[in-house]
K.L.:
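Got a structure for you, written out below as structure tokens; questions coming shortly.
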Amino acid sequence: MKKSFNEQCYEILRKVPKGKVTTYKAIAEKLNSKAYRQVGRAMNKNPCGFLSGGNVPCHRVVGSNGKLVGFAHGLKKKEEMLKEEGVSIINGKVDLGKYKFEL
DNA sequence: CGGTTGACCAAGT
DNA sequence: GACTTGGCCAACC
């Protein structure tokens, strides 16, 4: 039984440990696709889970260059949350060299 | 089933 | 350095 692309994104996102981040691109590539947009769209369309009791840290997902892109609550909130997790945000960007989680 | 869309990305202007 | 264009692919209408 194959899950939808979106659900697979959640699965991968769930694997990201606290204090680490990943990129939309990486996730899409892991799914053997280039549907970067589909990953982000999945988050927006669905309740992100983590707010509803699920464990889908959508805030741990950043852009391809560690740059914060989009977030339903606002990028500002996203930065705050990441900082709480131990990820330093510099100029609205994350240091992927230190915080990017290798899937 | 065809067309629009989207929390992207890379390159061009 | 900021904005525009094209491309990618799955989900949604």
Side-chain angles (χ1 to χ4, degrees):
Chain A
M1 152 59 193
K2 211 155 156 40
K3 292 178 179 177
S4 299
F5 194 95
N6 299 20
E7 295 200 34
Q8 297 189 54
C9 296
Y10 305 140
E11 294 288 299
I12 295 179
L13 222 37
R14 267 183 228 168
K15 292 181 207 158
V16 181
K18 174 180 169 193
K20 294 261 185 173
V21 295
T22 187
T23 68
Y24 295 100
K25 191 171 174 188
I27 295 174
E29 292 280 298
K30 243 37 160 179
L31 297 179
N32 216 33
S33 295
K34 291 155 188 136
Y36 317 122
R37 319 177 89 190
Q38 203 55 37
V39 180
R41 204 169 83 89
M43 305 304 160
N44 194 10
K45 268 272 205 163
N46 292 295
C48 293
F50 87 109
L51 292 174
S52 306
N55 275 334
V56 186
C58 2
H59 60 268
R60 275 181 212 156
V61 183
V62 295
S64 59
N65 194 32
K67 198 170 41 161
L68 275 85
V69 286
F71 187 51
H73 278 246
L75 296 175
K76 212 156 176 226
K77 196 78 175 170
K78 190 166 173 177
E79 285 183 40
E80 296 285 308
M81 285 194 286
L82 285 171
K83 283 181 181 177
E84 286 297 306
E85 306 253 312
V87 179
S88 300
I89 311 289
I90 302 171
N91 200 12
K93 289 179 249 179
V94 182
D95 193 332
L96 291 180
K98 293 176 184 164
Y99 298 113
K100 183 174 179 210
F101 174 64
E102 299 294 323
L103 297 171

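The figures here come from the full heavy-atom set of this structure, side chains too, leaving out hydrogens, waters and symmetry mates. Every chain is numbered from 1, with letters handed out A, B, ... down the list of sequences.
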K.L.:
Is it true that A:L68 and A:Y99 fall in one hydrophobic cluster, defined by side-chain heavy atoms closer than 4.5 Å?
P.N.:
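A:L68 and A:Y99: one cluster.
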K.L.:
Using the side-chain heavy atoms of A:K34, tell me which of these nucleotides is nearest: C:dA11, C:dC8, B:dA7.
P.N.:
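Selected nucleotide: C:dC8.
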K.L.:
From B:dA7, B:dG6, B:dC9, pick the nucleotide closest to the side chain of A:Q38?
P.N.:
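Comparing B:dA7, B:dG6, B:dC9 against the side chain of A:Q38, the answer is B:dG6.
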K.L.:
Can you identify which nucleotide, out of C:dA10, B:dA10, B:dA7, has its nearest atom closest to the A:S64 side chain?
P.N.:
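It is B:dA10.
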K.L.:
How many whole angstroms separate atom CD of A:E7 from atom C1' of C:dA11?
P.N.:
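Rounded to the whole Å, the gap is 12 Å.
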K.L.:
Looking across every strand, which nucleic acid part, if any, lies under 4.0 Å from A:T23 by heavy atom: base, sugar-phosphate, or nothing?
P.N.:
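It contacts nothing in the nucleic acid.
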K.L.:
Which is more 5' along DNA chain C, the nucleotide nearest A:Y36 or the one nearest A:S33? Just name the residue.
P.N.:
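Comparing both residues, the 5'-ward one is A:Y36.
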K.L.:
Of the nucleotides B:dC8, C:dC9, C:dA11, which has the atom closest to the A:R37 side chain?
P.N.:
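Between B:dC8, C:dC9, C:dA11, the one nearest the side chain of A:R37 would be B:dC8.
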K.L.:
So, taking the atom named NE2 in A:H59 and the one named NE2 in A:H73, what distance separates them when rounded to the nearest 0.5 Å?
P.N.:
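The NE2 atom of A:H59 sits 11.0 Å away from the NE2 atom of A:H73.
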K.L.:
Tell me the interatomic distance from A:K3, atom NZ, to C:dA10, atom C1', rounded to whole angstroms.
P.N.:
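A:K3 atom NZ is separated from C:dA10 atom C1' by 18 Å.
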K.L.:
Would you kindly compare A:K25 and A:G40 by the position of their nearest DNA chain B nucleotide and give the one closer to the 5′ end?
P.N.:
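Nearer the 5' end of the strand: A:G40.
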K.L.:
Rounded off to whole Å, could you give me the CG-to-C1' distance for the A:N6 and B:dA7 pair?
P.N.:
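Taking CG of A:N6 and C1' of B:dA7, I get 12 Å after rounding.
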K.L.:
Heavy atoms from C-beta onward define the side chain here; which of C:dC8, B:dC8, C:dC12 lies closest to that of A:Y24?
P.N.:
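The answer is B:dC8.
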K.L.:
Whole Å only: how far is the CZ atom of A:F5 from the P atom of B:dT5?
P.N.:
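In whole Å, B:dT5 P lies 21 Å from A:F5 CZ.
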K.L.:
Where each residue is assigned the nucleotide of DNA chain B containing its nearest heavy atom, which of A:N65 and A:A35 is assigned the position nearer the 5′ end?
P.N.:
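Looking at the nearest nucleotide for each, A:A35 comes out on the 5' side.
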K.L.:
What is the separation between atom CZ on A:R41 and atom P on C:dC12, rounded to the nearest whole Å?
P.N.:
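Spelled out: CZ on A:R41 to P on C:dC12 is 6 Å.
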K.L.:
Under a 4.0 Å threshold between the charged nitrogen and the carboxylate oxygen, would A:E11 count as salt-bridged to A:R14?
P.N.:
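Salt bridge present between A:R14 and A:E11.
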K.L.:
Output the rounded distance in Å from CG (A:L31) to P (C:dA11).
P.N.:
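In whole Å, C:dA11 P lies 10 Å from A:L31 CG.
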K.L.:
Rounded to the Å, how far apart are A:E29 CD and B:dC9 P?
P.N.:
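Rounded to the whole Å, the gap is 11 Å.
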K.L.:
In whole Å, what is the span from the CD atom of A:Q8 to the P atom of C:dC9?
P.N.:
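Going from CD in A:Q8 over to P in C:dC9 covers 16 Å.
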K.L.:
Could you check if a side-chain atom of A:I12 sits within less than 4.5 angstrom of a side-chain atom of A:K15, using non-hydrogen atoms only?
P.N.:
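The answer is yes, as the side chains (C-beta and beyond) meet within the 4.5 Å cut-off.
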K.L.:
Same hydrophobic cluster for A:F71 and A:V94, using side-chain heavy-atom links shorter than 4.5 Å among ILVMFWY?
P.N.:
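Yes, same cluster.
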